[in-house]
Peer 1: 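One structure is given below, represented as structure tokens, and several questions about it will come after.
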Amino acid sequence: MTPPRPAAPAASFDAGPAVRIHALDHLRALAMLAGVLFHAALAYSPLLGSYWPAADRENWWGVDALAWLLHLVRMPLFFLVAGYFTASLLERRGMSGLARQRARRILVPFVVAWPLVDGSLALATEWAAAAVAHPSPMLRLIRDWLAQPDPPSLPPRTGHLWFLYYLLLFSVLLWALRTLGWGARLERWMEKGPQHLAWALPLLLWPGFMATGSPHPAPESLLPEAWALAVFGPFFALGLGLHGRLEWLAPLQRWLAPGGLLCLGLYALLADHWTTGATVARTAWAPALLEALIAAWGTLVVLLVGLRFLAQPSPVLRYLSASAYWTYLVHLPLLFALQYPLMDLAWPWPLKFAAAVAATTTLCLLSFELLVRRTPLQRFVG
Amino acid sequence: MNFGLNVPVIRLLIVKDWQLFQKQLAAYVLAGFAALTLLGLAKPWAFYLGSLALIVVLVAAACFAIATSLLVERKEQTLAFVMSLPVSPLDFTAAKLLGNLLTFGVPFAVLLLGTLVVILTTPLPDGLVILALLLFGHVLLAYSVSLAVAMQVESEGWNTFAMIGSMVLINPFLMAIGQIEAIQGPLRGDAIAWSLPAALILAGQLLVSAAALAGTAWWQGRKAAFY
Amino acid sequence: MYQQIVDQITARVMAGDWRPGQPLPSIRELAAGSGVSVITVKRAYEELERAGVIVTRHGKGSVVADRPEPARALLEEGLRHHLQEAIAVGARLGLDRAALHQRLDVVLDGNPPTSQSKGSQS
Amino acid sequence: MTAAFAVKGLRKHYPDFALQDVDLTLPQGQVMGLVGVNGAGKTTLLRLLTGLAAPDAGSIEVLGCRLPDEQVAAKRQLGFASEDMRLYRGQSLDWHIDLVRRIYPEWDDAYARELIARFDLKPAQALGGYSHGQRVKALLLLCLSRRPRLLLLDEPTTGLDPVARAEVLETLCDVLRDEGRSVLFSSHNTHDVERLADSIGFLHQGRLVAHADKERFLDNWRRVLCLGAAPGGLDGWPELVHVRAAGSQVELKVRAWRDDLPQRLSAAGLTVQRVDPMPLEDIFVTAVRAGGAA
């Protein structure tokens, strides 16, 4: 006679750790691939029309509605999963093993890809500034600026590779804090339980969102940006804390539907703030609070949904997650190179969007298949 | 060629010193991180505070690295334990010199490069590069002298004096180069103009630093035994 | 200090703990086991061999001698030594032969007799 | 067979102390106890034997290596622990073990674990929290587990409580089982030397005043009690180190005992009452008081 087992709160939490790793791996891949969609969509965003070099003549408010919601959840989710896998690596290989992995998988790709990505982006943009007949306001600005006899150089910026730079920074911080014995503090936080977290997390993020523009920009400076540390750091820490005990989240399951709806409602309020345009450098307390709530709860909602529905291994998802890193590294120059010429075409914008996304994704996957998957590059970005 | 050095043990001794210094280093890394973040706020007050904090962290880390690896080891009599391991005085000197240069050199190089990048890529006048190099040159000199004294002199008082004295001299040094018109003039310009006094001072700093370290290595290396 | 080892081994041989022909522990083994120096054990073995309690064959270590008489003789020698000491102290106290005998009887009666002497009394 | 160590004509001068003309050899497989008061030169001799100090004159050979030139090769096979040697307070015993294990290929991990259990040490605790006895045991563990061919121990039992001292001595006895391994230890505690040493070296004011195998050394000394009046000129007998008359009793301490001495004493008018061997402690004190006459 087997003893009665305690009722499992939900199917996916009852599954073995391997299955959960699948779910997280898939989530990370989707978060990175969502980046391609997001960056492609920015060309048709009214909110970003005057800041984005590849901004098209046409735009639609619906793009804003979808893109910026994605934006608030995508990178927090990415850092949460990164934290989880960092803790797992730390447990298996120790601090020196982690350092070696970070050097090989993040530092080397960052140092190598950065000048290449930066150079090709600059090249595409310079070409576009000279050649495009219907330039975006930003492109026009760049054209004027390039026309100066001696254009001042700008400080180097990490561009869309900022996430690699921040992963390195967080790894260094993790080493320093652990060495100083602060690992136990995270443990004590986790012991307070998930409901506590659901309230504390948005409050932690709030000042970070206030200290930057809305929608928040990418922290591309080479100096660590305080707001980005404050916004993404807690997610990385939460991922660290969740390692080995995803079931800790189980009590939040019953809030899944109401939480998701609440996020959408809050987002509607936030979008109302944006009707007056994006803000730069500072955000008022109210929209910042909304952003904090959506980022915190939205990320948890997506995490829980992913754990429930993405837990099964699938060949397609597996291939996507293997190629996600490479795809994300190279997609932006490809996208810009495709979208600049598209600016002059008279196609309706959804067609341009679809074409840009399809072509970029195809090129990324093709290059992954040919250049990375079966070559030594696989050790670094595979 | 390994010049008769016991390389594996030297490596272990460096790793050992690094492990002993790890906790302090973590604190300095955190402080340095905070200073960089201050710089990242892109406000004038934060910029001054951040760069000041960076210099303080660099100097403190340098001094405490020397103290932990040499002075504390002597004071707490753990030196006897190290000397009982299969190392010659030359191995020991090499481990201490290399280990210290590493703990100091890495953050020093990162800060120096960072400073140069900030000056060259921002609207700050590029002429400041010379001032920055002279400043870092002084820190390097002070560090090398402190390290040489710590390796040669057992007295704790003299060591403290060498460390604090050489680092504090940075103020009179700054005032002194402020008096030299040939150096002071081009600082606000956008060209990096080397004047003879500036070049001489920097060359002097580098030479004395190298001489202090090389002299220490030579002196310690020719000793047959520790006592 | 070697005397203690000599006494211990003699006692064991006499009591039959160690039988004739039985190998003794090696010098280093006994030294390590009893916490005394090798040279002390060596000297004790030499002493025991001289007395005939043990036999050392070169390269094969030491064994207990075939006949225990030498061990007995060694103990007899010890007893004689102790009695002589007692007589010397008695002389200092001014005791004559009869008084010494009487003192010995008192001690024998006062102490629980050993099993052997009990057997001879009955 | 090479000696564990051999020194000849050794001299070392310090401003306020000098070690002079020391000749000393320890055959392999033996234990030598070094006795002498504080400042007699024990620590200096041990430093010279570990290659930490270079001699002003004379030669040192340890396990076949000339010192201090070949000190690295010698120290690979040496275990050295001295009273003024400390471990890192902020680090655990495990950390120290890890460091030492990487340096010595002969490190015996099973033996180290056994010693941790025997000494009842907590390997994960920072050594700052250890008692003096625990620290000594930790240091000894680090020396012994590398299975050195020569152990040089400077005052290994000083300051230990009786239980810790017994543990340390028992562990030292482990070394005796292997005839390829040798020990030189200095101690104030003459009982330890008397128990464990095969030979005794006696340092006094920087000179080696005696060196002999222990049994012979002890055999040379006797305490003799006589009755009668001490005749004049007894102080002049070279073998008598100490003569003290109390009433009609005369106590003599003899440093070169020969069986004909009682006869000669009788001839001088003394009745020998008893002759006793002397414990090392007594010999040591007597010799030091007599200005190093051993």
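Throughout, a chain's letter reflects where its sequence line sits, starting with A, and its residues are numbered from 1. Nothing here was measured: the structure is a model prediction, and the numbers come from that model.
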Peer 1: Between B/L79, B/L12, B/V72, which residue shows the highest count of heavy-atom pairs closer than 4.5 Å to chain D?
Peer 2: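 Most pairs with chain D among the choices: B/L12.
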
Peer 1: Answer with side chain, backbone, both or neither: which region of D/L67 has an atom nearer than 4.5 Å to a non-hydrogen atom of chain B?
Peer 2: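 Nothing of D/L67, per the 4.5 Å heavy-atom cut-off to chain B.
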
Peer 1: Under 4.5 Å heavy-atom distance to chain D, tell me which part of B/L20 shows up: side chain, backbone, both or neither.
Peer 2: both

Peer 1: If a pair satisfies salt bridge (charged side-chain N to carboxylate O under 4.0 Å, His left out) and one of its residues is in residues 202-214 of chain B, list it, with sequence neighbours excluded.
Peer 2: none

Peer 1: Can you tell me if CZ on D/F17 sees more than 12 non-hydrogen neighbours from other groups inside 6.0 Å?
Peer 2: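 It does: D/F17 CZ has more than 12 such atoms within range.
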
Peer 1: With 3.5 angstrom as the limit, list the donor-acceptor pairs from chain B to chain D, or say none if there aren't any.
Peer 2:
| from | atom 1 | to | atom 2 | distance (Å) |
| --- | --- | --- | --- | --- |
| B/K16 | NZ | D/Y88 | OH | 2.8 |
| B/Q19 | OE1 | D/W95 | NE1 | 2.7 |
| B/E73 | OE2 | D/Y88 | OH | 2.4 |
| B/Q77 | O | D/R86 | N | 2.9 |
| B/M83 | O | D/K75 | NZ | 2.7 |
| B/L85 | O | D/K75 | NZ | 3.3 |
| B/V87 | O | D/K75 | NZ | 2.8 |
| B/A224 | O | D/Q71 | NE2 | 3.0 |
| B/F226 | N | D/L52 | O | 2.7 |
| B/Y227 | N | D/L52 | O | 2.8 |

